Amino acid sequence: MSLQTWFLKKQFTRIKQQDFLKQLYQLVKAGVPPQVALRNMRNKYRNSNNTILEKVVSKMYGNLNKGKKIAEDMQIWLPFEVCQILITAEEQGILLKGLKGVMSYYKFSGSIASEFKGLIRPLLYLLMAIFMILIVGNILTEIVSRATHTIPLNVKIFLVFYNIILKYNILIIIAIFGILFLFKKSLNDHDNIFYKIITLPIFSIYRANLAFSLLNVFSLLLQNQVKIGTIINMLLSGRKEGFFYSCIKQMGTNLRIGISDVGKILDTGIFTKQQIIDISLIADYAKETDLAIVMHNMATNIENELISKIKILSQILNLLIMMLISGLIILAASALYGSASSY
């Protein structure tokens with residue numbers, strides 16, 4: 001990836017992606033052929049000097065002119081889940097429904113991103129507390145250096161903390177920002193083993209994100225009479241590595257060895273045990289269109305449950321860090337008071 005492409009990709013945020021795909025959805029819904037819609041959008045962005053969207057639309061338009069799928073090789077610009085939904089939908093001639101399904105994915109990922117901001121705030125408060133300790137510690141060090149009396153215990157304790165932070169302040173700040181960066185990066189690069197280890201506490205969030213997008217793909221295609229096996233083969237034609245691909249590959253293996261239970265076919269690590277049980281029960285007694293409705297409802301439940309879990313995680317983290325900050329403030333205040341009353 002060139003430096004220019006990397007820079008443009010960073011500017012092509014999820015909000016901009018969503019707005020662009022929503023515009024494409026509205027045009028296709030109005031009856032404009034996708035190729036014509038993309039050509040007109042490309043010309044519009046070119047005339048308005050919108051380099052990012054012109055580059056993205058030109059890539060999609062070029063795909064159609066070469067006989068490829070609209071979202072083929074688009075993972076540099078769009079999330080893998082979005083590309084997979086669009087490719088599988090287009091293969092079945094239901095691009096409009098695929099674009100509508102993509103809107104649901106962006107709504108879900110937007111909700112998750114919004115809730116994750118609650119995890120960042122307490123870490124920023126911690127940084128502020130560290131700066132406060134450095135300021136107070138600097139004042140106390142000067143006072144203690146001129147003192148002729150015995151240093152109070154609370155002042156000694158505070159200065160121990162101060163000296164540790166003073167000595168390792170750069171490393172502590174790098175560590176805090178590093179954790180923020182790795183958590184953010186891991187949500188987009190889940191297949192790197194290093195990121196997997198770092199984000200082990202929130203791996204269930206990543207898995208739920210995959211389950212949500214996969215349930216939407218299955219729901220969308222099952223409603224249009226596409227068989228489970230066909231859907232899995234479509235998904236296998238996408239990315240050839242990573243956790244998601246390994247799970248889909250195992251689904252394909254389950255099909256080839258003759259497993260007929262839909263729940264057991266899909267039981268490869270993406271879905272929870274309860275979700276697998278629910279899918280098995282419905283698949284045994286319901287039509288594929290009914291299974292599609294159930295999968296859509298399961299995706300909605302995943303969204304609600306996940307947002308609730310992140311809120312709880314955010315509240316716990318806020319509480320722990322606030323307790324730590326409160327302790328540091330009390331320690332700093334008592335040290336200042338002790339030094340003022342002693343010298």
Side-chain angles (χ1 to χ4, degrees), residues 14 108-141 152-212 243 269 272-274 301-339:
R14 292 210 170 199
F108 169 72
S109 59
S111 300
I112 298 301
S114 177
E115 294 301 331
F116 256 103
K117 287 179 182 176
L119 298 176
I120 296 173
R121 200 175 298 116
L123 292 174
L124 295 177
Y125 293 156
L126 184 59
L127 276 176
M128 291 169 64
I130 289 171
F131 286 123
M132 179 206 69
I133 288 173
L134 290 173
I135 293 168
V136 175
N138 188 50
I139 295 170
L140 285 176
T141 303
L153 180 61
N154 55 350
V155 176
K156 285 182 178 179
I157 294 172
F158 180 83
L159 288 176
V160 168
F161 276 100
Y162 166 71
N163 286 322
I164 291 172
I165 292 173
L166 187 64
K167 186 176 180 180
Y168 301 108
N169 64 86
I170 301 298
L171 291 176
I172 292 169
I173 291 170
I174 290 173
I176 291 173
F177 279 106
I179 290 169
L180 290 175
F181 171 78
L182 289 172
F183 273 122
K184 186 175 182 297
K185 180 73 174 172
S186 66
L187 293 176
N188 301 317
D189 192 2
H190 336 279
D191 301 318
N192 185 304
I193 187 66
F194 177 66
Y195 294 136
K196 270 189 183 179
I197 294 169
I198 290 291
T199 57
L200 203 57
I202 59 165
F203 183 73
S204 62
I205 294 172
Y206 157 56
R207 187 174 71 170
N209 189 33
L210 282 183
F212 176 85
F243 174 75
T272 64
K273 292 299 179 186
Q274 188 56 52
N301 290 337
I302 285 174
E303 179 180 3
N304 295 333
E305 288 173 10
L306 199 50
I307 289 173
S308 176
K309 283 180 181 178
I310 295 174
K311 281 182 177 176
I312 292 170
L313 182 63
S314 176
Q315 288 168 358
I316 292 171
L317 186 61
N318 268 283
L319 178 62
L320 291 174
I321 289 184
M322 285 305 167
M323 288 173 64
L324 175 61
I325 292 172
S326 298
L328 291 173
I329 290 172
I330 291 169
L331 183 60
S334 68
L336 280 172
Y337 176 78
S339 64

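Keep in mind that the numbers below use all heavy atoms, side chains included, and drop hydrogens, waters and symmetry copies. Given the structure is predicted, the values throughout are model-derived calculations rather than measurements. Numbering of residues begins at 1 and proceeds along the displayed sequence.
Remark: Thr272 engages Arg207, Gln274, Gln275 in a side chain to side chain contact (heavy atoms under 4.5 Å, CB included) (not counting sequence neighbours).
In terms of modelled atom types and a separation under 3.5 Å, the side chain of Asn138 and the main chain of Leu134 share no donor-acceptor contact.
Note: Asn163 CG to Ile133 CD1 = 11.5 Å, rounded to the nearest 0.5 Å.
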